[in-house]
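Have a look at the structure below before the remarks.
Note that the structure is a prediction, hence the values are computed from the model and not measured. Values below: all heavy atoms of this structure, side chains included; hydrogens, waters and symmetry mates excluded.
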Amino acid sequence: MKKIIIFIIFFVSACANPAPNFSPKGSNLPDGVVWQDYLAEIEITNAVLFKKNIDVDISPIDSGLKWKPEVNTLKRGGREREEEDYHHIIISGKPKKIGEILIHIHGYSMGTSTPGSQIDKKYMIRIINYEDGVIYR
């Protein structure tokens, strides 16, 4: 009986948290340096995501950064196929100027427990200039 009660508690708590979770937490991604390679990853859990129900806006548009989903290679029966994973967003590129870049992830989740849950997360990236050991902001 005790095991059944514990199972019910875990089951109800799993269904009771419909909001998507983002990692990293907070609203900042790591700082970048002008004209140097930048790479950051964002993970979204507790949501069913596909190409049609999520989008990422990067402002300013000409920042030098772009986004893409992680691509996984699946092997089955001697055949390979690539699949885009929209739970893992990759931000990469070479920032073009000093300042702030806004990353806005938005859309909605799909699934059985809470279909249509809004996804709306903003991150900020500070771009700095680093010359001869001195940081210019």
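Of the inter-residue distances, the one linking Arg81 atom CZ with Leu74 atom CG reads 5.0 Å to the nearest 0.5 angstrom. Residue Glu70 holds its CD atom at 5.5 Å from CG of Asp85, rounded to the nearest 0.5 Å. The distance from atom CD1 of Ile128 to atom CG of Asp31, rounded to the nearest 0.5 Å, is 5.5 Å. For the atom pair CD1 of Ile91 and CG of Leu29, the computed distance is 7.0 Å after rounding to the nearest 0.5 Å. In this structure, OG1 in Thr45 is found 4.0 Å from CG in Asn21, a value given to the nearest 0.5 Å. One distance of note links NZ of Lys68 with NZ of Lys66; it measures 6.5 Å at 0.5 Å rounding.
A cation-pi contact links Lys121 to Tyr123, judged by a cut-off of 6.0 Å to the six-membered ring centre and 45° from its axis.
The side chain to side chain donor-acceptor pair (under 3.5 Å) test applied to Glu84 returns Tyr86, not counting sequence neighbours. Remark: Lys122 engages Leu102, His104 in a side chain to side chain contact (heavy atoms under 4.5 Å, CB included) (not counting sequence neighbours).
At least one donor-acceptor pair closer than 3.5 Å links the side chain of Asn53 to the backbone N or O of Tyr108. Checked by atom type and distance alone, the side chain of Ser63 pairs as donor or acceptor with a backbone atom of Leu65 at under 3.5 Å. In this structure a side-chain-to-backbone donor-acceptor pair under 3.5 Å is present from His87 to Ala47.
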side-chain contact (heavy atoms from CB on, under 4.5 Å) between Ile54 and Ile44, intermediate numbers included: CA-CA 11 Å; Ile54 190 167; Ile44 306 167; 3.7 Å; yes
Should Ser109 and Val48 be marked as a side-chain contact (heavy atoms from CB on, under 4.5 Å) after you check the CA-CA gap, both sets of side-chain angles, and the distance that decides it? CA-CA 5 Å; Ser109 69; Val48 179; 5.5 Å; no
May I have the step-by-step check of side-chain contact (heavy atoms from CB on, under 4.5 Å) for Trp67 and Ile58, ending in yes or no? CA-CA 8 Å; Trp67 77 278; Ile58 300 177; 4.2 Å; yes
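The two residues Val34 and Lys96 make their nearest non-hydrogen contact at CG1-O, 3.8 Å. In plain terms, the two heavy atoms of His106 and Asp57 that are nearest each other are NE2-OD2, 2.8 Å. Closest non-hydrogen pair, Pro20 versus Ile119, comes out as CG-CG1, 3.8 Å.
Sequence neighbours left out, not one pair with a member in residues 35-65 passes ring-ring contact (aromatic ring centres under 6.0 Å, His included).
Note: the hydrophobic cluster containing Ile98 also contains Ile101 (ILVMFWY, side chain heavy atoms under 4.5 Å, direct or indirect links). No chain of hydrophobic side-chain contacts below 4.5 Å, direct or via other Ile, Leu, Val, Met, Phe, Trp or Tyr residues, connects Val56 to Ile90.
No more than 12 heavy-atom neighbours from other residues, nucleotides or ligands sit within 6.0 angstrom of CD1 on Ile61.
Ion pairing between a basic and an acidic side chain is recognised when a charged N comes within 4.0 Å of a carboxylate O; Glu100 and Arg126 show no such pairing.
Side-chain contact between His88 and Asn72 is absent, with no heavy atoms from C-beta onward closer than 4.5 Å.
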